[in-house]
Amino acid sequence: MAEIELPDGSVREAPDGATVGDIAQQIGPGLAKAALVGRLNGELVDLSTPVCGRARLEIITTKSDAGLEVLRHSCAHIMAEAICSIWPQARLVYGPAVRDGFYYDIDLDTAIRPEDFDRIEAKMREIIKADTPFQRIEMNREDALQKMARDVYKTDNIQRAEGDVISFYSHGDGFQDLCRGPHVPATGRIDPKALKIMSVAGAYWHGDASEKMLQRVYGTVWRNKKELDEYLHMLEEAKKRDHRLIGRQMDLFSFHEEGPGFAFLHPKGMVIWNAIIDFWRSVHRKYGYEECKTPIILNEALWHRSGHWDNYKENMYFTTVDNVNYAIKPMNCPGGLLIYKSNKHSYREFPIRMAELGLVHRYEPSGQMHGLVRVRQFTQDDAHIFCMPEQIQQEIVGVINLVMELYRAFGFGDYHIELSTKPDKHIGSDEIWEIATSALANALKEKGIDYQLNPGDGAFYGPKIDFHIADCLKRSWQLGTIQLDFSMPERFELTYTDKDNTEKTPVMIHRAILGSLERFMGILIEHYGGHMPLWLAPEQIRVLPISDKTSDYAVAVTARLKRANLRCSTDMSSEKIGAKIAKTHGDKVPYMVVVGPKEAETDTVSVRWAGQTENIAVSVDKFISIVTEKIDDKSADVAFK
RNA sequence: GCCAACGUAGCUCAACGGUAGAGCACUGGUUUUGUAAACCAGCGGUUGAGGGUUCGAUUCCCUCCGUUGGCUCCA
């Protein structure tokens, strides 16, 4: 008899050889009906798997994430069969479940096009309707290799597979595919109304750009149609937050064929930009930073010395002036090093914290550009800290505090941190790496911050800490980075005079907090869906006269708001008030103040704010003081009470 | 860079071998309005660029440029 321990701790008996499915049936017919796979002694298995001896077993249904993942994986196989039935010459490569769906990589000379999705889906529904069982076939590695000898992809997969037993799954009309499994018991377990082919894109075999480009067909499947619809709706909503769309709607920035990858910031976008920078500067002053500015074009020799020529040439732009070769800077550090070298330094000056909003150019292959978040020209909120080794930890703590203060102010409370350590290819002694890495780790410990360790992922010149924030759609973005560098100071022979009157080499810390200002602005726009917090909003208030009978009062109110340093405009069009309000909502202006004869008489305004239909009357002075206070507090809450 | 798709008025889209059309925006006029879009008229395009096929190309073919979705890389 098999003794089966269930997740609730209870133990059941079943004849040896009873399958996972049998046991689900024994527990209850409802569960058996819902069961997709089992987790037997911690491992996911098919329902047809026999259970012997003492075992721990959990029945997995679609309710769990694991169940949904199996469902998606099985659906990938069904899609593979559908595709193979349409294009018999298609060769299958690899088809896993991924976040929100699945894909299958396929080697097929004819291109699969979006127009083909309908018939792929139709075929999939046919396969599901036939409700044929998924059957597992096992064999040893040798037999499997022999069986697949003519298939370069499956042979490769077998060679990469672990263990001695290689399994295949068959379902439908004789379709069979190499697969570790497990799978749902039968194709009919998938809701034919809950699946959708999403897209097709190229993908390199093994993710290697030198390998063949395969066709990757993406699909999604959910527990039921309702969940699919919710997912599709979520995608629609995410699309509406796209910073490229909002940037156009709100007239913040544009891109032009004349300069691919180079953003044009419009006056309204520039207001956001300057608001970010004003705040950034004030916080940096508070944290003891000075600011510098280094040239964009510098002699090529500098870049040989810095190592960029050897390591970064492919991403750089070059130019020639008077027969001398120059490079357009892709990073700010070499310029910062020259500033350091223009004076002699003492340990007494340390730490030197020198910030630079540096405009850098990096060549990006055309297919990689994306709105503001991936461009060829951007402004880094860079800084270089020069200090002694024993000052590293306190400096790192200082940077972390600065990072957290900035992120919080912009509404990003959700972030995680990664610490990357010494890679195989590195320069510098083990001792200095030890000091540097423990300084980073200790700084994080001192702040009580949890972090993820990425062993061997550091830069060749030093370990680093990366900051990743999550936006309102839970998408993760890498923003900040802190990198310890022992290489540049040596290459550039930086020195300082120590207490003992000897010349020593300082440590350099590179750090960026917002990363690229262009990208950060794009992320902010998506995070807020264009509804910027008051202190960042390009237009904070719009004054809406009821008719031109009150336009004088509207002009007077606007003038008072402007004197109070508020960003506002007046809608003097001959539209009705409802139309003015609708337009102002559309323009995502946080506050609108309606003024008519009633307000003009009492020196008040009727305030209405973003997303609300409510409005309240307050005196102009009170309105100014409340709004000013919200701006000073960087409040994200525009509610007006 | 690679694979695929797309490129029509400032924006969003239609027409898909036979003289290019709508809504919004813009301009002028009417309306003088009380809380999410009044009415009328007008302006606006060698259909991304270049070449080819055709009596005729926005439509079919080729090259280039740009954009989008992925892959690889990255702030």
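What you are looking at is a predicted structure, and each value in this text was computed from that prediction instead of being measured. Proteins get letters first, then strands, A, B, ... in listed order; numbering begins at 1 in each.
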Undergrad: Does A:Y94, at its OH atom, have more than 12 non-hydrogen atoms belonging to other residues, nucleotides or ligands within less than 6.0 Å?
TA: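 It does not: A:Y94 OH has 12 such atoms or fewer within range.
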Undergrad: For A:Q612, is there any backbone N or O sitting under 3.5 Å from a side-chain donor or acceptor partner on A:R608?
TA: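 The answer is yes, because a donor-acceptor pair under 3.5 Å joins these two groups.
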Undergrad: For A:N332, which of A:H510, A:Q380, A:H384 qualifies under side-chain hydrogen bond (donor to acceptor under 3.5 Å, both in side chains)?
TA: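 By the side-chain hydrogen bond (donor to acceptor under 3.5 Å, both in side chains) criterion, A:N332 pairs with just one of A:H510, A:Q380, A:H384: A:Q380.
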Undergrad: Does RNA chain B take part in any stems of at least 3 consecutive Watson-Crick or G-U pairs (both distances under 3.5 Å), and if so, which ones?
TA: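 Ordered by first number, the stems with RNA chain B (at least 3 consecutive pairs each) read B:1-7 with B:65-71, B:10-13 with B:21-24, B:26-30 with B:38-42, B:48-52 with B:60-64.
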Undergrad: Taking A:D116 for the side chain and A:I112 for the main chain, is one N or O donor matched with an acceptor at less than 3.5 Å?
TA: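 Checked: no pair found.
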Undergrad: Does A:S516 have any side chain to side chain contact (heavy atoms under 4.5 Å, CB included) partners at least two apart in sequence or in another chain, and if so, which?
TA: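 Side chain to side chain contact (heavy atoms under 4.5 Å, CB included) list for A:S516, sorted by chain: A:F378, A:E518, A:R519.
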Undergrad: Applying ring pair (Phe, Tyr, Trp, His ring centres under 6.0 Å) to A:Y312 and A:W303, what does each step give before you reach the verdict?
TA: CA-CA 9 Å; A:Y312 211 74; A:W303 304 97; 9.2 Å; no
Undergrad: Does A:R72 make a cation-pi contact with A:F102, if we ask for NZ or CZ under 6.0 Å from the ring centre and within 45° of the axis?
TA: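 Judged by the rule, A:R72 and A:F102 form no cation-pi pair.
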Undergrad: Looking across every strand, which nucleic acid part, if any, lies under 4.0 Å from A:Y218 by heavy atom: base, sugar-phosphate, or nothing?
TA: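 The answer is sugar-phosphate, as A:Y218 gets under 4.0 Å only of primed atoms, P, OP1 or OP2.
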Undergrad: Between which nucleotides of RNA chain B, read 5' to 3', does contact with chain A run, using atoms under 4.0 Å from its heavy atoms?
TA: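 Nucleotide range in contact with chain A: B:G1 to B:A75.
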Undergrad: At under 4.0 Å between heavy atoms, what does A:K580 touch on the DNA or RNA strands: base, sugar-phosphate, or nothing?
TA: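 Counting heavy atoms under 4.0 Å across all strands, no contact is made by A:K580.
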Undergrad: Mark yes or no for whether A:R241, through its side chain, and A:H527, through its backbone, hold a donor-acceptor pair below 3.5 Å.
TA: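 It does hold such a pair.
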